[in-house]
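This one's a predicted model, so the numbers in the text were calculated from it and none came from an experiment. Proteins get letters first, then strands, A, B, ... in listed order; numbering begins at 1 in each. These values consider heavy atoms only, across backbone and side chains, with no hydrogens, waters or symmetry-generated copies.
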Protein chains: 2
Amino acid sequence: MSCQNAEQLARCLPAARRTRQRGAVLHVLVDCTEFVSAQQLHALITADGIAVGLTTVYRMLRELEVYDRVDVVRDEAGERLYRLRPFGGHRHYLVCRSCGRSRPVDAEVVEAWVDRVGETTGYAAVEHTVELTGICATCRPTS
Amino acid sequence: MSCQNAEQLARCLPAARRTRQRGAVLHVLVDCTEFVSAQQLHALITADGIAVGLTTVYRMLRELEVYDRVDVVRDEAGERLYRLRPFGGHRHYLVCRSCGRSRPVDAEVVEAWVDRVGETTGYAAVEHTVELTGICATCRPTS
DNA sequence: GTTGAAAATGAAAATCATTCTCTAATAGGG
DNA sequence: CCCTATTAGAGAATGATTTTCATTTTCAAC
Ligand SMILES: [Mn+2]
Ligand SMILES: [Mn+2]
Ligand SMILES: [Zn+2]
Ligand SMILES: [Zn+2]
């Protein structure tokens, strides 16, 4: 089910030791096809019958974020949602406000625009956040 | 100093009554040229010698948001920052991560891209968040 | 000018995701 | 096995925002 391998992922991180907990977080995260919050992820791991502290889940997600292995978005409540980054660069997503399912969108246009803004304005180290939400076909009430 | 008028703004909201507090929030907000948090705004009002509860400030900002009179961004800590919306439609901003100064950017390209994504994917009611941050010329260390 | 119902206020408490602290557990090299 | 630096995690702390609810205020009607 994994589009990435948990062991491989572990090797990208600087952790000195291999623990049951770190393994569990990565294994479950690899199987997540949608964005999940730290708490949801913790619940999923727990549901698998593995005991891992919430603190550890938060720690690992932050670590993955620092090492650019996850994309992060905020939901409407400001809660942070994580998803393993499928490929090299980051992606942007269109998330259904009803069911939460997301699909990556082609944002080349936007990336180019961001670069241009950086050049035009003289701002350095320009970073961007781009998030799209909508109601997917499945969730749309049948008219 | 106002690019908008507080009284005019008050009329856009559904409030049934005119109070000293509501007036104060709007007056101070009108003079803010940069994004401010609810707490900063509260401090500014207090500094003006007007007593207004923090609760009331939060309430008004939420109201202004519901009625599309403010643009809202989140800083890196996830805190919400508000700014009166200058014109009809919403704007996107390039915010300096060092000093917080922001400038609107021309995002026509992005708006068009968003529309296209909506059409292409079949998602309804597509909404977007686009935020840019960088380091402005003033803040950049002189090399 | 008075009155009163509804609206608005705000102090204090609650919420809740996230971070911090600090002790106990343990991985893993020697 | 031993030792110790690393990791785990329970519980407390944090802090922005929201909720509660008793009190105050507005303003239209009298
Ligand atoms: Mn991008
Ligand atoms: Mn836009
Ligand atoms: Zn959906
Ligand atoms: Zn700056």
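In this structure, the CD atom of A:E76 is 16 Å from the P atom of C:dA17, given to the nearest Å. Following rounding to the nearest Å, B:L26 (CG) and C:dA8 (P) show an atom-to-atom distance of 13 Å. Note: CD (B:E79) to C1' (C:dT18) measures 14 Å, nearest angstrom. Rounded to an integer number of Å, the gap from CG of A:L61 to C1' of C:dT18 is 12 Å. Taking atom CZ of B:R18 as the reference point, atom P of C:dT9 lies 12 Å away to the nearest angstrom. For the pair A:E63 CD and D:dT6 P, the computed distance is 13 Å after rounding to whole Å. Remark: P of C:dT15 and CD of A:Q39 are 15 Å apart, rounded to the nearest angstrom. As rounded to whole Å, 15 Å separates atom P of D:dA12 from atom CG of A:L54.
Between B:R62 and A:P14, the one whose closest nucleotide on DNA chain D sits nearer the 5' end is A:P14. In this structure, A:R22 and B:S37 both approach DNA chain D, and ranking their closest nucleotides by distance from the 5' end singles out A:R22.
Each of D:dT7, C:dC20, C:dT9 was ranked by its minimum atom distance to the side chain of A:T19; first place goes to D:dT7. Checking D:dT7, D:dT25, C:dT18 against every side-chain atom of A:A38, the shortest atom distance belongs to C:dT18.
Within 4.0 Å (heavy atoms only), A:A24 reaches no atom of the nucleic acid at all. The residue B:R59 sits close to a base: some heavy atom pair falls under 4.0 Å. In this structure, A:A15 reaches the sugar-phosphate backbone alone: every heavy-atom distance under 4.0 Å involves primed, P, OP1 or OP2 atoms, never a base.
Phosphate proximity of C:dT18 to A:Y58: present, with a side-chain N or O under 4.0 Å from OP1 or OP2. For C:dA8, the OP1/OP2 oxygens have no side-chain nitrogen or oxygen of B:Q21 closer than 4.0 Å. The shortest distance between the side-chain N/O atoms of A:T56 and the OP1/OP2 oxygens of D:dG9 is below 4.0 Å.
Residues A:R97 and A:E76 are in side-chain contact: their nearest non-hydrogen atoms beyond the backbone lie under 4.5 Å apart. Side-chain contact between B:I50 and B:R20: present, with at least one pair of heavy atoms (C-beta onward) separated by less than 4.5 Å.
Neither A:L41 nor A:L54 shares a network with the other; the hydrophobic side chains, linked directly or stepwise wherever heavy atoms of I, L, V, M, F, W or Y lie under 4.5 Å apart, form separate groups for each.
Under the 6.0 Å cut-off for aromatic ring centres, A:H128 and B:H92 do not qualify, their centroids lying 6.0 Å or more apart.
When the options A:R85, A:R91, A:R83, A:R80 are evaluated for a salt bridge (charged side-chain N to carboxylate O under 4.0 Å, His left out) with A:D71, the one that passes is A:R85.
For A:R17 against D:dT6, a side-chain N or O and a base N or O form a donor-acceptor pair under 3.5 Å.
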